[in-house]
There are 2 protein chains.
Amino acid sequence: MLSNSSKYAIKGVLYLALNSDEDHKVMVRDMHGVVHVPEAYLAKLLQELSRHGVISSTRGPRGGFFLSKEDRKRSLMDIVKVIDGEKRVKSCVLGVKDCDTDQPCVLHKLVGANKSKFIKVLENTTILDLIEGKRDVEEFFPV
Amino acid sequence: MLSNSSKYAIKGVLYLALNSDEDHKVMVRDMHGVVHVPEAYLAKLLQELSRHGVISSTRGPRGGFFLSKEDRKRSLMDIVKVIDGEKRVKSCVLGVKDCDTDQPCVLHKLVGANKSKFIKVLENTTILDLIEGKRDVEEFFPV
DNA sequence: AGATTAAAAGACATTTTTATCCTTTTTATG
DNA sequence: CATAAAAAGGATAAAAATGTCTTTTAATCT
Ligand code: FES
Ligand code: FES
């Protein structure tokens with residue numbers, strides 16, 4: 001479905017959504033325990049997301065990672081695209097090519113609808129959608 | 001979704017379903033081109049399936065891999081279980097634990113239904129279901 | 001300005017997945 | 001029984017995913 005790295009990245013971003021903003025930045029050191037991701041690895045993933053403009057960060061004292069207002073409107077697919085690439089999640093169940101309705105594989109009629117629904121969820125669900133009304137919800141960060 | 005190995009394995013089994021039976025066994029040498037899988041690697045995967053009783057094989061002259069009547073009633077999940085393990089496909093979208101309706105992650109209500117539907121397709125679709133009425137269908141073997 | 005802090009960057013290590021090659025064992029058949 | 005054909009098995013290798021460590025850069029605070 002999604003790589004571990006993408007799962008990690010999503011959990012990291014959700015943590016930032018719940019616990020950070022422009023003037024409350026979060027260090028990786030303080031979050032990796034809660035989201036159950038190795039510190040250095042989470043740092044790397046967040047750096048990657050930041051470099052691609054999906055999340056925000058500043059260096060130095062009082063620095064850290066955080067989500068701007070804009071960042072919160074990002075979709076889950078924006079995260080997955082950076083970490084896994086779109087190709088991986090859109091590939092055909094039996095092949096490596098993109099799932100293709102014009103040249104459907106033998107399994108397509110059985111699972112194609114499901115697949116595209118899943119992709120639509122990733123594309124249409126924003127960080128904001130997931131956290132609205134919630135604070136410090138530990139169930140966001142399963143092992 | 002599924003590992004490449006599982007995709008390979010499924011395509012291999014489908015080829016056998018279309019082109020083999022008890023007295024028309026198929027050598028890996030003759031099928032790897034059609035299903036687009038490296039010869040030695042496909043051999044390994046089929047051996048693994050055979051060892052677990054999901055497909056059949058005999059050695060020696062006029063030997064090869066084939067599907068018995070019984071083998072054809074196997075589900076796709078039987079294949080995936082051998083190659084990837086059940087855990088991988090059933091794991092939560094955000095974690096490594098099994099997707100758990102009792103302790104759903106924040107994404108579960110958005111994708112959980114899809115996931116279980118996909119799993120049900122794997123569990124309830126037999127090889128026979130996929131090939132009935134069809135012969136030598138190249139669209140079974142996407143790249 | 002200088003010291004300190006934290007991310008950025010990139011080198012390095014490990015593990016898993018994917019893939020190849022070579023030898024051994026089994027078996028049908030002449 | 002000899003032979004050849006085919007899977008089985010093991011050793012190895014290449015690539016990708018996962019994970020760690022060290023150095024560099026930038027921001028902040030004294
Ligand atoms: S073409 Fe194979 S799943 Fe859509
Ligand atoms: S618990 Fe996470 S997808 Fe079901």
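Below, chain A is the first sequence line, B the second, and so on; all start at residue 1. All values below were derived from every heavy atom in this structure, side-chain atoms included, with hydrogens, water molecules and symmetry-related copies excluded.
Near DNA chain C, meaning a heavy atom under 4.0 Å from it, residues 5-37 of chain B has B:S5, B:Y8 in order of number.
With D:dA7, D:dA5, C:dT4 as the candidates, the nucleotide lying closest to the side chain of A:P61 is C:dT4. Each of C:dT17, D:dT18, C:dT20 was ranked by its minimum atom distance to the side chain of B:A40; first place goes to C:dT20. Comparing D:dT18, C:dT17, D:dG9 against the side chain of B:R88 picks out C:dT17 as the nearest. Out of D:dA8, D:dG19, C:dT20, the shortest distance to the side chain of A:P38 is found at D:dG19. Taking the side chain of B:Y41 as heavy atoms from C-beta on, and the options D:dG10, D:dC29, C:dA19, the nearest nucleotide is C:dA19. The side chain of B:F65 sits closest to D:dA8 out of D:dA8, C:dA7, D:dC21.
The phosphate of C:dT29 has OP1 or OP2 within less than 4.0 Å of a side-chain N or O from B:R62. The shortest distance between the side-chain N/O atoms of A:S57 and the OP1/OP2 oxygens of C:dA6 is not below 4.0 Å.
With hydrogens and angles left out, the side chain of B:R59 and the base of C:dT25 share a donor-acceptor pair within 3.5 Å.
A donor-acceptor contact shorter than 3.5 Å links the side chain of B:K11 to the backbone of B:V35.
When heavy atoms are screened at a 4.0 angstrom cut-off, A:G60 is found touching base atoms of the nucleic acid.
Under the rule for a salt bridge (charged side-chain N to carboxylate O under 4.0 Å, His left out), the partners of A:E70 that lie at least two apart in sequence or sit in another chain are A:K73.
None of B:K117, B:R74, B:K90 except one satisfies the salt bridge (Lys or Arg N to Asp or Glu O under 4.0 Å) rule with B:E123; the exception is B:K90.
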